[in-house]
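Step one of this worksheet: look at the structure below.
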Amino acid sequence: MRADRLVATLLFLQERGRVTVPEVAAELEVSERTARRDLEALAAAGIPVYSQRGRGGGWSLVGGARTDLTGLTADETRALFLVTGPLSATPELRTTLRKLVRALPPTMRAQAQAATRAGVVDATDWSRNAVTADAAHRSALQGAVVDGIRVRLGYAGVGKPAGERTVDPLGLVAKAGVEYLVAGTDKGLRTFRLSRVTSVEPTGEPVVRPPDFDLATAWRTLSGAFQDGLNGVTARARVHPDALALLQRFLGGRVRVGGPLPDGWTEVWVDGPAAKALAGHLAGLGARVEVLEPPEVRQWLARIAADLTGMYAGEEPHATDDP
């Protein structure tokens with residue numbers, strides 16, 4: 001969400017006292033769905049915004065309308081800057097926040113500035129790989145989604161050279177620090193990881209939106225299908241106490257821990273996309289994990305062990321501490 005649009009929504013609320021979603025959408029030139037999401041985000045951030053249903057209803061600020069930001073309390077101002085501050089990596093957002101700070105009473109400026117420094121977005125993973133698109137591509141896609149413009153998208157899939165395709169941008173999703181574009185294609189709805197986007201070129205043609213499209217619902221469907229692909233096979237295994245924490249660190253929620261076994265080991269169930277891939281994940285723990293079933297995972301572990309024995313048998317290992 002853009003911080004400048006969030007602030008503009010708040011100022012519009014303060015000016016009008018009570019607004020409807022269509023009024024916000026028309027004022028900010030966004031869709032009604034985007035306007036409603038922005039109003040809900042303000043409420044979730046701790047800003048005293050509430051909605052009232054029925055005739056004469058709409059969205060209002062608790063305590064009535066204000067014409068500037070001085071009507072906010074210190075806690076409300078801090079909440080607003082906390083929700084926008086971590087996004088201030090781009091020059092446009094830094095400019096927006098500086099303007100907002102100058103609009104505050106002097107007594108609130110120090111807290112507001114501290115709130116903008118309370119969060120940082122690190123765009124690399126622990127392997128030092130970028131996990132988000134650069135600002136230019138993200139900004140171009142945000143504009144295409146808001147303006148409803150079809151784009152020619154340069155995209156490099158996993159292990160594939162970059163290619164170009166024409167897509168209908170429908171929304172952006174952030175999941176655990178990784179950003180995705182949800183777009184319509186000639187093969188239906190698809191997701192594109194923003195870090196693999198190589199170019200964005202607006203075509204000037206309007207986006208074709210599926211009837212009754214809802215971004216949250218579409219994402220649940222698309223991500224659910226992907227998640228199901230990660231859980232194509234489940235292995236039941238026993239794990240040495242020294243290796244249980246390491247297994248959970250490697251595979252996270254794909255590990256389900258059962259009860260302790262009589263020999264002190266722990267029974268677990270581990271999900272994976274396929275028997276070969278799951279065996280590869282478990283092989284690194286050596287004899288500290290034993291797969292009990294299914295047979296195909298055991299067979300792949302035996303094959304991996306034979307391959308490694310054939311390559312390394314007879315070599316003296318270097319003296320190291322046992323991890």
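Just so you know, residue 1 is the first one in the sequence shown, and it goes up from there.
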Do the side chains of [Y] and [X] get nearer than 4.5 Å, heavy atoms only?
| X | Y | answer |
| --- | --- | --- |
| L247 | L282 | yes |
| V208 | R150 | yes |
| T34 | V146 | no |

(message) Regarding R165 and D186, does a basic nitrogen lie under 4.0 Å from an acidic carboxylate oxygen?
(response) no
Could you state whether [X] and [Y] fall into the same hydrophobic cluster, counting links through intermediate Ile, Leu, Val, Met, Phe, Trp or Tyr residues with side-chain heavy atoms under 4.5 angstrom apart?
| X | Y | value |
| --- | --- | --- |
| I149 | L189 | no |
| I304 | F250 | no |
| V239 | W300 | no |
| L251 | V257 | yes |

Strictly distance-based, threshold 3.5 Å: is any side-chain N or O of [X] a donor or acceptor partner for the main-chain N or O of [Y]?
| X | Y | value |
| --- | --- | --- |
| R298 | V291 | yes |
| Y155 | R193 | yes |
| T221 | T217 | yes |

(request) May I ask you to decide if the ring planes of W265 and H240 are parallel, tilted or perpendicular, using 30° and 60° as cut-offs? (result) perpendicular
Going from [atom1] on [X] to [atom2] on [Y], what distance comes out if it is rounded to the nearest 0.5 angstrom?
| X | Y | atom1 | atom2 | answer |
| --- | --- | --- | --- | --- |
| L42 | Y50 | CG | OH | 15.0 Å |
| L181 | T191 | CG | OG1 | 8.5 Å |
| R220 | L215 | CZ | CG | 10.0 Å |
| L170 | R209 | CG | CZ | 5.5 Å |
| H281 | R254 | NE2 | CZ | 4.5 Å |
| L278 | L301 | CG | CG | 8.0 Å |

To check you understand the geometry: which heavy-atom pair defines the closest contact between [X] and [Y], and what is its length?
| X | Y | answer |
| --- | --- | --- |
| P294 | V233 | CG-CG2, 4.1 Å |
| H137 | V200 | O-CG2, 4.2 Å |
| V151 | P169 | CG2-CG, 3.8 Å |
| V167 | A183 | CB-CB, 3.9 Å |
| L292 | R238 | CD2-CD, 3.9 Å |
| L194 | L141 | CG-CD1, 4.1 Å |

(request) Count the heavy atoms belonging to other residues, nucleotides or ligands that lie under 6.0 Å from CD of E29, then report whether that count exceeds 12. (result) no
(message) Would you say CZ of F213 has more than 12 non-hydrogen atoms from neighbouring residues, nucleotides or ligands within 6.0 angstrom?
(response) yes
(message) Among D214, D38, D212, which residue satisfies the salt bridge (charged side-chain N to carboxylate O under 4.0 Å, His left out) criterion with R33?
(response) D214
(message) Could you walk me through whether E27 and V19 satisfy the side-chain contact (heavy atoms from CB on, under 4.5 Å) test, starting with their C-alpha distance in whole Å, then the side-chain angles of each, then the deciding distance to 0.1 Å, before giving a yes or no?
(response) CA-CA 10 Å; E27 174 70 16; V19 299; over 6 Å; no
(request) Could you please spell out the steps behind the side-chain contact (heavy atoms from CB on, under 4.5 Å) verdict for Q142 and L172? (result) CA-CA 7 Å; Q142 286 173 334; L172 296 172; 3.2 Å; yes
